[in-house]
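As the structure lists them, so they are numbered: ligands from 1, and atoms in each ligand from 1.
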Amino acid sequence: MSSTRTQVCIIGGGPSGLLLSQLLYKTGVDSIILERQTRDHVLSRIRAGVIEQGMCNLLEEAGVSTRMKKEGFKHNGTLLSYGQETFRIDFAKHTGTPVMVYGQTEVTRDLYEARENTDGKIEFQTENVILNKIESKNPFVTYQIAGQAKRIDCDFIAGCDGFHGVSRKSIPDSVRMEYEKIYPFGWLGLLSQTPPVDHELIYSNSDNGFALCSMRNENLSRYYLQCAATDKVKDWPDGAFWAELRSRIPQETADKLITGPSVEKSIAPLRSFVTEPMRWGTLFLCGDAAHIVPPTGAKGLNTAAADVHYLYNGLKQFYEERDQEGIDRYSERALSRVWKVQRFSWWFSMLMHHFPTDTPFERKMQIAELEFLRDNETAQKVMAQNYVGLPY
Ligand code: RFL
Ligand code: PHB
């Protein structure tokens, strides 16, 4: 078995793992990333599109914000619609802070390039990753690449391997608490090389269900439809998608919609999930490995970045000052913010979707809440503060 040593072994080469590795590199801490897939596979996943200011700052600190600043779009508000009614939540007025529209795929590409330019160590196509002795001072990770057994000894392990990874399950069942809510529908996403229907995002609650009009750039649009949890992509040819989208947005907007062939289409389930604690011995969970939010409000990637912020600062404090306070309080700090973001994503999801069990009363409640939000500046401010991102 070939073996090596690093300070922090990072499981997962998605945005959490890459950002943590790049920030650690900047502060002189050595890490190795183990990624189950190929680089191309990771970069083929179309996911989040909205980045909070806090994450933008972290990307800047990591030295990977040049392209985002050039090609990303600052949004100072978002539109909410129900029936034929549309109103705007003004981020600039209520918080003084915009959000950045720049795809997760691009963030990940920038991070891979930065790691490659600085001789970052990333092992792709790792199999059978096992976390060993995580409760001791001498943890190690074993894995295989193309059948060859390998071992990494380290000080700490960062579990950045997403919802289906191995890290979370390495925390004993007896200490791990999991909180979950499954929503009885999914989101069908479509990417098309067409100009966005509006210069801002539109979240729409219609009689036919939820729809979202989003974008990546002037000629790349991302649209979503609430769909049945059992639907398959093949059930939704492009024509059916566009017709359904038109029926779920106000007529004025539907009239402006420019359609075209899809370049990607996928269905994501909706789930709220949190695991506690986020640290066990030398293992620290980060991002989707520890929690999932429904995408309403675009918080998945941003919450992953907030975890990276707390963990990176804790590790920096440990290596630079030999002070354990940051790592000892990592789980508590991260979870305090995670639960607030869970609340916002849950609230916004409940407000905007149709639930199969909804009675006409629940529908009336949604409309009353949307009208309250439309007319009440304080409610708009609360929404804006959550949408642009809670402080770290
Ligand atoms: P990721 O991106 O899932 O990356 C984890 C990485 O770990 C690898 N991995 C392993 N590597 C080694 N050994 C193992 N045993 C491993 N098991 C897994 C995986 O291959 C992967 O590369 O987690 P990370 O880095 O924490 O980043 C989190 C974000 O990706 C996530 O929060 C968001 O993308 C969530 N999300 C969305 N968020 C939004 O804000 N807006 C969206 O529109 C949006 N759409 C989505 C999404 C998540 C989706 N998933 C997870 C199914 C759409 C989908 C389909
Ligand atoms: C996206 O553009 O993919 C996106 C934007 C906002 C969301 C979810 C997804 O709330």
So is K299 actually on top of Y387's ring, under 6.0 Å and inside 45° of the axis? yes
Nearest-contact summary for atom 8 (C) of ligand 2 - protein heavy atom, Å: P295 O, 3.4 Å
Logged contact type for L201 with ligand 2, heavy-atom cut-off 4.0 Å, is side chain
Where C154 and C9 come nearest, the two heavy atoms and their spacing: SG-CB, 3.8 Å
Regarding R333 and the six-membered ring of Y330, is the cationic atom NZ or CZ under 6.0 Å from the ring centre and inside 45° of its axis? no
Assign the ring pair Y179 / W339 to parallel, tilted or perpendicular, where the plane angle (0 to 90°) is split at 30° and 60°. perpendicular
Polar proximity ligand 2 side, L212 side, N/O cut 3.5 Å exclusive: no
Ligand 2 to W187 polar contact by distance, N or O atoms, under 3.5 Å: no
Plane angle bin for F284 and F156 - parallel if under 30°, tilted between 30 and 60°, otherwise perpendicular: perpendicular
Protein residues having a heavy atom less than 4.0 Å from any atom of ligand 1: I11, G12, G14, P15, S16, L34, E35, R36, Q37, V42, R45, R47, A48, Q104, T126, V129, C160, D161, G162, G165, V166, Y224, A268, G287, D288, A298, K299, G300, L301
Using modelled atom types only, decide if a donor and an acceptor are shared between the side chain of N205 and the backbone of L351 within a distance under 3.5 Å. yes
For atom 6 (C) of ligand 2, the protein heavy atom that lies nearest, with its residue and separation: Y203 OH, 3.3 Å
Do F210 and F185 have their ring centres less than 6.0 Å from each other? no
Using a 6.0 Å distance limit plus a 45 degree cone around the ring axis, check whether R168 lies over the aromatic ring of F163. yes
Option from I249, L191, L257 for which side-chain contact (heavy atoms from CB on, under 4.5 Å) with Y223 holds: L257
Proximity of Y112 and F124 rings by center, below 6.0 Å: yes
With a cut-off of 4.0 Å, which atoms of ligand 2 are near a heavy atom of R47? 3 (O)
Atoms of ligand 2 close to V50 [distance to a heavy atom under 4.0 angstrom, numbered from 1]: 5 (C), 6 (C)
As a check for students: among G297, G49, S345, S214, identify the option with a heavy atom nearest to atom 2 (O) of ligand 2. S214
Work out whether the distance between some heavy atom of K299 and some atom of ligand 2 is less than 4.0 Å. no
Need the ligand 2 atom indices (1-based, order shown) with element for anything under 4.0 Å from a heavy-atom of R216. 1 (C), 2 (O), 3 (O)
Aromatic ring pairing F355/H353, orientation class (parallel under 30°, perpendicular over 60°, tilted between): perpendicular
Considering heavy atoms of the protein only, find what lies nearest to atom 9 (C) of ligand 2 and give residue, atom and distance to 0.1 Å. Y224 CE1, 3.6 Å
